[in-house]
There are 2 protein chains.
Amino acid sequence: MLKKITTVPLPTIRRLPTYLRVLEEMRKWGKEYVSATDIADYLGLTPIQVRKDLAVTPIQGKPKIGFEINELHRAIRSFLGWDKTTEAFLVGAGSLGSALLGYNGFDEYGLNIAAAFDANPRLEGMEIHGKTVFSLDKLPDLVNRMGIRIAVLTVPRDAAQECADQLVAAGIKGIWNFASPHITVPAGVVVQNENIAQGLAVLSVKLAEKLEVP
Amino acid sequence: MLKKITTVPLPTIRRLPTYLRVLEEMRKWGKEYVSATDIADYLGLTPIQVRKDLAVTPIQGKPKIGFEINELHRAIRSFLGWDKTTEAFLVGAGSLGSALLGYNGFDEYGLNIAAAFDANPRLEGMEIHGKTVFSLDKLPDLVNRMGIRIAVLTVPRDAAQECADQLVAAGIKGIWNFASPHITVPAGVVVQNENIAQGLAVLSVKLAEKLEVP
DNA sequence: TAGATTGTTAATCGATTAACAATC
DNA sequence: TAGATTGTTAATCGATTAACAATC
């Protein structure tokens, strides 16, 4: 009986950011209301699925008219917690880390990378895309003082697990893991693995199918 | 009756690259055989799921021993088509495009980015991480001459659809889309959308749940 | 009003998990 | 041999899709 409150399906959560972008797009076109059918047509989904997904927000659509774009947009952002900014640290200032430091779209997702950390002492004190790089041993203290809960992990694969352990020890509660296909963390810590190879695998297989049986 | 041959579940396909990494890891430890149980323990999955996933390959495991690591590794790579190199073009040599050009892990995935293209004439002829940047209008001819089928799309969001149309017109069959949450293409062309915001959405929601109900 | 769209409840579909005989 | 592990068939679980009354 416990444990199940109203778990929103993971696929739904993954589609929500796309709805945000679609709503922004349609707002740009001067629209004020949008129906689930419009969104579904635009994205190649079914209207029923879109309506189910949007039901995670408390926003009610109006029959024959649809949803108020701004209101829906605000509600989805709020559901994702993207209406307030969360500060995060980036760990591993290599090429991928640097690229992410230079990405300026995170504020749209309620995320701000406050600082970067690297094991290489030669990077200490440097700025990458305006973010200061600190020595990794400064991390626990700064996590504590700034109340940081999220880390973006972009170290080399071999360093991933050890580094994750340090992050957990320092009090990090969520790890956005670009470093390794899998890391082990204690319960109470959330890991989101990002792995570019997954998408490429899907593309590879689908393309092979298409080319075989056209 | 048509159409369904033996569709491998998408979640399975997405897990396959991770199995490759795990097999490499275990090979490094000097192991020769690995059981589905070992892999499952390592990744936090169930042994049954791992066995089901591995059944997409023709490799048979040996009861009590497991699977021959090298053989299984080769079979998964073969299933994904990653045993032969596929040449691809990257379109959009901005910060994300440059970062991907500098990523040297693609050969593990059977992908080689042969060249980059950009609409900005000032980039023409430049080299980024050893890859030459061509003008976008050279793309159709080069796609044709080199028989390129895959494009990595890393242009700004607003240019994504127009650029995708050009790629399709040029004969590209698979688009790995980092540019926009959604693009429309004709049937016969495969699109794989990569969207960093999806993973962050999952992390955000899971973390919020954890912090609310610890 | 008629018809498009909503939200909800039920049916279907697909993936995961369980059960179990076969095997080394 | 006993026991761990395999591969397969059946049961369960969860997400998607369908059906439909309510509404503007």
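First the proteins, then the strands, lettered A, B, ... as listed; each starts at 1.
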According to a 3.5 Å limit on both distances, what stems of 3 or more consecutive Watson-Crick or G-U pairs are formed with DNA chain D? C:3-24 with D:3-24
Restricting to non-hydrogen atoms, name the atom on B:Thr57 and the atom on B:Ala75 that form the minimum distance, rounded to 0.1 Å. CB-CB, 3.8 Å
Salt bridge flag under 4.0 Å for residues A:Lys206 and A:Glu209: no
Give the C-alpha distance, both sets of side-chain angles, the deciding distance and a yes or no for side chain to side chain donor-acceptor pair (under 3.5 Å) between A:Gln49 and A:Asp53. CA-CA 6 Å; A:Gln49 184 170 55; A:Asp53 286 344; 5.1 Å; no
How long is the line joining CG of B:Leu10 and P of C:dT16, in whole Å? 10 Å
Looking at side-chain heavy atoms only, is the closest gap between A:Leu142 and A:Phe117 below 4.5 Å? yes
Which sits closer to the 5' end of DNA chain D, A:Ile65 or B:Gln60, going by the nucleotide each is nearest to? B:Gln60
Does the ring-ring contact (aromatic ring centres under 6.0 Å, His included) test come out yes or no for A:Tyr109 and A:Trp176, once each step is laid out? CA-CA 14 Å; A:Tyr109 312 146; A:Trp176 200 10; 8.1 Å; no
Between A:Glu25 and B:Arg157, does any NZ, NE, NH1 or NH2 come within less than 4.0 Å of an OD or OE carboxylate oxygen? no
Would you mind reading off the distance between B:Lys64 atom NZ and D:dT6 atom C1', rounded to a whole angstrom? 13 Å
Name the orientation class of the two ring planes belonging to B:Trp29 and B:Tyr42 (parallel below 30°, tilted from 30 to 60°, perpendicular beyond 60°). perpendicular
Between A:Phe178 and A:Val152, is there a side-chain heavy-atom distance shorter than 4.5 Å? yes
A quick test of your reading: do over 12 heavy atoms of other residues, nucleotides or ligands sit less than 6.0 Å from CZ of B:Arg149? no
What residues in residues 27-59 of chain A put a non-hydrogen atom under 4.0 Å from any atom of DNA chain D? A:Thr46, A:Ile48, A:Gln49, A:Lys52
Note: A:Arg21-A:Glu108 ion pair, threshold 4.0 Å (strictly below): yes
Strand contacts (DNA chain D) in residues 72-82 of chain A, 4.0 angstrom heavy-atom criterion: none
May I have the distance from B:Lys62 (atom NZ) to D:dT6 (atom P), rounded to whole angstrom? 13 Å
